[in-house]
Amino acid sequence: MIQATLHQLRVFQTVALHGSFTKAAEELFITQPTVSAQVKQLGQAVGIPLFEQIGKQLYLTDVGRELFATCQEVFEQLARFEMTVADIKGTKQGQLRLAVVTTAKYFVPRILGYFCQEYPGVDISLEVTNHQNITRRMLENQDDLYICSQPPEDIPLCSEALMDNPLVLVANKNHPLAGQRNIPIKRLNNQAFIMRESGSGTRQAVQKLFAKHKIYVKVRLELGSNEAIKQAIAGGLGISILSKHTLYCESSEWELTTLDVQNFPIKRQWYVSYLAGKQLSVVAQTFLEYLHEHTQKMAVTSSLVS
């Protein structure tokens, strides 16, 4: 039987995730020589190299990949055990790993804040990224739960609807189409547009609608941030399509308005997903229930405001 400590396995797992001894040392708050020594001792215990270095890049060997998968399972089971013990004691403790698409940052952090106030023993790891990276993280089983508006169809998932996520046309208040009613979608032809980056779920939805109605627009800018897009719209650089959630907290100084165009808003929903067959921890299950409760409240509030 291989003699290895949990600390060595944790160090190895962190190096494998980052592909770097230096980054692993920074995350674990230990020195880089200590990381190297721990990985070397683990490799000696296994009897086969766990990494190979090509240039400055580290790559897992076949055995290293097997050990990495084992480490993932071991630490996931240990975390689940700790959470179960805490639950039996009548407390909620442990870590929640959550990944969300960028637009979800307009409501998820607030819910997390309320959740942490109620369950102070829970540590939150929140990754805010784009649709492509969410898909990659799902494939690598990096998180407990994922929040997005378009769950990948080619990954086995359990997905539950949370609330509506309408996509609206946003323009500067001085735009020629502003204030008009029931504008034919054909009027968007040749309009200057500000688009989200390729791979964005919002952009995919827009492209699908425009292809259906044979709409051709001029893409003046591609930006990866909703806030940057709103600034560009305010500056008169074009119009764009954004989640209505990005507009809820606008101050009166913003020179933005939504356009009343046929086929808008694009109807979408927010979903919370987790890998099919994954046994959710006590903490993840608790947050899942909490998320449903609070998004329902938000949906009711939104309908009243509308």
Under the side chain to side chain donor-acceptor pair (under 3.5 Å) test, which residues partner [X], sequence neighbours left out?
X	value
E118	none
S240	none
S159	S273
T129	N133

[Y] and [X], any side-chain heavy atoms less than 4.5 Å apart:
X	Y	result
H175	Q191	yes
L209	H213	yes
L167	S243	yes

### Task
Could I get the full list of salt bridge (charged side-chain N to carboxylate O under 4.0 Å, His left out) partners for R187, not counting sequence neighbours?
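In terms of salt bridge (charged side-chain N to carboxylate O under 4.0 Å, His left out), with neighbours along the sequence ignored, R187 is linked to no residue.
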### Contacts of E73 that satisfy salt bridge (charged side-chain N to carboxylate O under 4.0 Å, His left out) - sequence neighbours left out
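Per chain and number, E73 pairs via salt bridge (charged side-chain N to carboxylate O under 4.0 Å, His left out) with no residue.
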[atom1]-[atom2] distance between [X] and [Y], expressed to the nearest 0.5 angstrom:
X	Y	atom1	atom2	value
I239	I241	CD1	CD1	7.5 Å
T258	K173	OG1	NZ	10.5 Å
I183	L169	CD1	CG	8.5 Å
L280	L275	CG	CG	9.5 Å
N190	K218	CG	NZ	5.5 Å
Q285	D144	CD	CG	11.0 Å

### Hydrophobic cluster partners of Y59 (side-chain heavy atoms under 4.5 Å)
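I54, all in the cluster of Y59.
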### Task
Linking directly or through intermediates, with side-chain heavy atoms under 4.5 Å: list the remaining ILVMFWY members grouped with Y271, chain and number order.
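Result for Y271 is none, singleton.
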Are the charged groups of [X] and [Y] less than 4.0 angstrom apart, N to O?
X	Y	result
R136	E140	yes
E227	K105	no
E26	K23	no
E76	K278	yes

### Message
Looking only at the side chains, is there a donor atom on one of T103 and N226 sitting less than 3.5 Å from an acceptor on the other?
### Response
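Distance-only check passes for T103 and N226.
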Show me the donor-acceptor pairs, under 3.5 Å and distance only, between side chains in residues 145-155 and residues at least two apart or in other chains.
{"from": "Y146", "atom 1": "OH", "to": "R137", "atom 2": "O", "distance (Å)": "3.2"}
{"from": "Y146", "atom 1": "OH", "to": "D143", "atom 2": "N", "distance (Å)": "3.1"}
{"from": "Y146", "atom 1": "OH", "to": "D143", "atom 2": "OD2", "distance (Å)": "3.4"}
{"from": "S149", "atom 1": "OG", "to": "N165", "atom 2": "ND2", "distance (Å)": "3.0"}
{"from": "S149", "atom 1": "OG", "to": "Q269", "atom 2": "O", "distance (Å)": "2.9"}
{"from": "Q150", "atom 1": "OE1", "to": "R268", "atom 2": "NH2", "distance (Å)": "3.1"}

#### Entry: Any pair counted as salt bridge (charged side-chain N to carboxylate O under 4.0 Å, His left out), so long as it reaches residues 192-209, sequence neighbours left out
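Listed by first then second residue: R203-E222.
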Enumerate donor-acceptor pairs with a distance under 3.5 Å from any side-chain N or O in residues 33-50 to protein atoms, sequence neighbours excluded.
{"from": "T34", "atom 1": "OG1", "to": "T31", "atom 2": "OG1", "distance (Å)": "2.7"}
{"from": "S36", "atom 1": "OG", "to": "Q32", "atom 2": "O", "distance (Å)": "3.2"}
{"from": "S36", "atom 1": "OG", "to": "Q32", "atom 2": "NE2", "distance (Å)": "3.2"}
{"from": "Q41", "atom 1": "OE1", "to": "Q8", "atom 2": "NE2", "distance (Å)": "3.1"}

#### Entry: Non-hydrogen atoms of V217 and F210 that approach each other most closely
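For V217 versus F210, the nearest heavy atoms are CG1-CE1, 3.8 Å.
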### Task
Could you tell me whether F81 and F75 have their ring centroids closer than 6.0 angstrom?
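No: the rings miss the under 6.0 Å criterion.
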Report yes or no: does [X] contribute a side-chain atom to a donor-acceptor pair with the main-chain N or O of [Y] at less than 3.5 Å?
X	Y	answer
R97	S125	no
T246	L242	no
D164	P166	no

### Message
Run the ring-ring contact (aromatic ring centres under 6.0 Å, His included) test against F115 and tell me which residues pass, sequence neighbours left out.
### Response
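Applying ring-ring contact (aromatic ring centres under 6.0 Å, His included) to F115 gives Y119, F287, Y290.
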### Message
Does the plane of the ring in H245 sit parallel, tilted or perpendicular to the ring in F107? Use 30° and 60° as the thresholds.
### Response
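If you compare the ring of H245 with that of F107, the planes turn out tilted.
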